[in-house]
Amino acid sequence: MKTASRLSQRSMAFVLAGGRGSRLKELTNRRVKPAVYFGGKTRIVDFALSNAMNSGIRKMAVATQYKAHSLIRHCQRGWSFFRAERNEFLDILPASQRTGESWYLGTADAVTQNIDIIDSYDIDYIVILAGDHIYKMDYELMLRQHVDQNADVTVGCLTVPRMEATAFGVMATDASGQITSFVEKPADPPSTPEDPNLALASMGIYVFNWKFLRALLLEDKDDPNSSHDFGGDLIPAIVANGKAVAHRFTDSCVRSEGADAYWRDVGTVDAFWEANIDLTDFTPTLNLWDKEWPIWSYTESVPPAKFIHDEKDRRGMAISSMVSGGCVISGTVVRNSLLFTNVHTNSYAVLDHAVVLPNVVVHRNATLRKCVIDRGVVIPNGLVVGEDPEEDAKFFRVSERGTVLITAEMVAAWEAAQ
């Protein structure tokens, strides 16, 4: 495909990044879900932004609302390389009551309140993205399908087991891929045309012609019965009155040869822990080493990881683990764990299937199994977590599948009780 014909050059990416993500519990007490750390050195929002940039989109906007400071700071530090003189940029759009006295009322309203800014971009197409999923996807291919099929909206979708689709917006399509119905979280999801056991679940990714969407948003804005939401209002209206087309993720996902298509909603503590631990597999499905489709992010300037002590029961080592820069593993055994930047551990400690966010300190004799440790936590000497769920639950959050979440406030409560 010639560069001049790339639709991405005439498009912008609008990333919806304002939702708290309450199912992540205390991990989103201080930060919005898209700003939550993932994979050792990135944030969740980096995947949507990296997909857009790798697809050739150089005009981006991130709409923020809930506790947005860490997200805004991350975007400023990690995504400040765009050059306005080359007609490329990333704008941060906090809810600023530009069109009235309300904050963002829904996903569609977040776009409506910034129509004047989007108009200034002089674009033909807009790609609406959720900022809280982990995946790699070439949006150029989705844009091409949208134009080729002359659609009013093209909806990115996953193929999932039918009864697992009850938590998604689900679409029924005809054999050509045109959407015939779209329902949010149905108790009895419609199946795909080719398999009654599968369903098409919305990824929260939509492609529109900007002029079409602009008119639709203004109409929706004046509807007192609307919740001003893409999945709840706009998409069903287009399905009923226009042409909505499904785009299957497998048609544009970026993956290693022979690997499965990878998409994760890390919206629960268990899902977050599992997706991070999966990266320690011998050959993880999500390839973060791919130089052709890199995940861009803000990278701190830190020294390499360091492992010290080599004595019996006091050996600094990591097995089947990922250890980020700035870490000091001092006489600690680390197994099947993922350590973010600047984690310092001390002698005789054990980390087993632990996800440890930046700037954590683990003191001596601590044993930490199947856990997520929030940023900046100082683990006291001798703390044991992950071996007795009933004891853990007295001070820490224990998930449905037994993952223990540890925050600074929880540690303070544990110390006060000793």
Side-chain angles (χ1 to χ4, degrees), residues 8 11-21 24 28 31-39 41-66 68 70-82 88-94 104 107 110-111 114 118 121 123 125-143 154-158 168-169 201-208 230-231 247 249 252-255 261-267 271-272 275 286-288 290 293-298:
S8 56
S11 306
M12 74 161 294
F14 192 103
V15 182
L16 298 164
R20 171 178 177 173
L24 281 171
T28 54
R31 60 185 77 90
V32 68
K33 180 182 173 184
V36 171
Y37 298 91
F38 183 84
K41 58 183 298 184
T42 60
R43 309 260 188 153
I44 294 174
V45 73
D46 290 324
F47 286 82
L49 295 175
S50 295
N51 287 334
M53 192 173 77
N54 293 334
S55 299
I57 298 174
R58 293 295 188 273
K59 300 179 181 70
M60 305 183 201
V62 179
T64 67
Q65 186 155 269
Y66 170 85
S70 61
L71 176 62
I72 293 171
R73 183 173 60 186
H74 174 73
C75 289
Q76 289 173 334
R77 293 177 176 179
W79 290 88
S80 60
F81 48 78
F82 289 108
E88 59 183 35
F89 39 79
L90 185 147
D91 280 340
I92 300 168
L93 305 176
Y104 293 149
T107 54
V111 183
N114 292 289
I118 300 170
Y121 292 172
I123 55 164
Y125 309 101
I126 183 168
V127 184
I128 307 295
L129 302 171
D132 55 359
H133 299 139
I134 306 296
Y135 65 105
K136 296 167 76 171
M137 178 177 179
D138 188 345
Y139 302 136
E140 172 70 23
L141 300 177
M142 187 173 176
L143 282 160
T154 301
V155 182
C157 59
L158 301 163
F168 294 86
S202 172
M203 300 172 69
I205 299 175
Y206 313 108
V207 171
F208 295 91
F230 280 106
H247 174 85
F249 178 52
S252 56
C253 67
V254 177
R255 51 184 160 173
Y262 184 98
W263 182 93
R264 295 289 186 276
D265 178 0
V266 289
F272 177 79
L286 176 63
N287 183 3
L288 296 181
D290 182 6
W293 201 271
I295 303 302
W296 304 88
S297 187
Y298 168 67

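Note that the structure is a prediction, hence the values are computed from the model and not measured.
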S.K.: Side chain to side chain contact (heavy atoms under 4.5 Å, CB included), that's the test. Do Tyr121 and Ile126 meet it? Break it down for me.
M.R.: CA-CA 10 Å; Tyr121 292 172; Ile126 183 168; over 6 Å; no
S.K.: Between Asn54 (side chain) and Pro294 (backbone), is there a donor-acceptor pair under 3.5 Å?
M.R.: yes
S.K.: Write down the atom of Tyr262, the atom of Tyr135, and the distance for their closest heavy-atom approach.
M.R.: O-CB, 3.4 Å
S.K.: Of all heavy-atom pairs between Val266 and Ala271, which one has the smallest distance, and what is that distance?
M.R.: CG1-O, 3.9 Å
S.K.: Once rounded to the nearest 0.5 Å, what's the spacing between atom NE2 of His247 and atom SG of Cys157?
M.R.: 8.0 Å
S.K.: Quick one: does any side-chain atom of Ser8 pair with a main-chain N or O of Ser55 as donor and acceptor, under 3.5 Å?
M.R.: yes
S.K.: Sub-3.5 Å donor-acceptor pair from the side chain of Asn51 to the main-chain atoms of Met137, do we have one?
M.R.: yes
S.K.: Would the distance check show the side chain of Lys136 and the main-chain N or O of Asn287 forming a donor-acceptor pair, the cut-off being under 3.5 Å?
M.R.: yes
S.K.: Measuring only between side-chain heavy atoms, which start at C-beta, is Met60 closer than 4.5 Å to Met53?
M.R.: yes
S.K.: Hey, are the side chains of Leu24 and Val36 touching, using non-hydrogen atoms and a 4.5 Å cut-off?
M.R.: yes
S.K.: Donor-acceptor pairs under 3.5 angstrom involving side-chain atoms of residues 11-21: please list them, not counting sequence neighbours.
M.R.:
from: Ser11; atom 1: OG; to: Leu7; atom 2: O; distance (Å): 2.7
from: Arg20; atom 1: NE; to: Thr28; atom 2: OG1; distance (Å): 3.3
from: Arg20; atom 1: NE; to: Tyr66; atom 2: OH; distance (Å): 3.3
from: Arg20; atom 1: NH2; to: Asn29; atom 2: OD1; distance (Å): 2.7

S.K.: Aromatic rings Trp263 and Phe168: how do their planes relate, parallel, tilted or perpendicular, breaks at 30° and 60°?
M.R.: tilted
S.K.: If you round to the nearest 0.5 Å, how far is CD1 of Ile205 from CE of Met142?
M.R.: 6.0 Å
S.K.: Kindly say whether Gly169 contributes a backbone atom to a donor-acceptor pair with the side chain of Ser202 at under 3.5 angstrom?
M.R.: no
S.K.: Do the non-hydrogen side-chain atoms of Tyr139 and Leu129 ever get within less than 4.5 Å of each other?
M.R.: yes
S.K.: For the backbone of Tyr104 and the side chain of Gln65, can you confirm whether one donor and one acceptor N or O come within less than 3.5 Å of each other?
M.R.: yes
S.K.: Does Trp293 have more than 12 heavy atoms from other residues, nucleotides or ligands lying within 6.0 Å of its CH2?
M.R.: yes
S.K.: Identify the two heavy atoms, one from Asp138 and one from Val254, that lie closest to each other, and give their separation to 0.1 Å.
M.R.: N-CG2, 4.0 Å
S.K.: How long is the gap from CZ on Phe249 to CG on Leu158, to the nearest 0.5 Å?
M.R.: 7.0 Å
S.K.: Kindly assign one of parallel, tilted or perpendicular to the pair Tyr298 and His74, based on the angle between their ring planes and the thresholds 30° and 60°.
M.R.: perpendicular
S.K.: Is any side-chain heavy atom of Arg31 closer than 4.5 Å to one of Leu71?
M.R.: no
S.K.: For the CG atom of Leu286 and the CD1 atom of Ile134, what is their distance to the nearest 0.5 Å?
M.R.: 7.5 Å
S.K.: Between Arg255 and Cys253, which heavy-atom pair has the shortest distance, and what is it?
M.R.: NE-SG, 3.3 Å
S.K.: On a heavy-atom basis, which atom in Leu49 and which in Cys75 lie closest, and how many Å separate them?
M.R.: CD1-SG, 4.4 Å
S.K.: Could you give the distance from OG (Ser297) to CG (Leu288), rounded to the nearest 0.5 Å?
M.R.: 11.0 Å
S.K.: Which heavy atom in Ala63 sits nearest to a heavy atom in Ala110, and how many Å separate them?
M.R.: CB-CB, 4.4 Å
S.K.: Residues in ring pair (Phe, Tyr, Trp, His ring centres under 6.0 Å) with Tyr206, at least two apart?
M.R.: Phe230
S.K.: Could you tell me if the side chain of Ile92 sits less than 4.5 Å from the side chain of Trp79, heavy atoms only?
M.R.: no
S.K.: Do the side chains of Asp265 and Lys33 get close enough for a salt bridge, i.e. N-O under 4.0 angstrom?
M.R.: yes
S.K.: Assign the ring pair Phe38 / Phe47 to parallel, tilted or perpendicular, where the plane angle (0 to 90°) is split at 30° and 60°.
M.R.: perpendicular
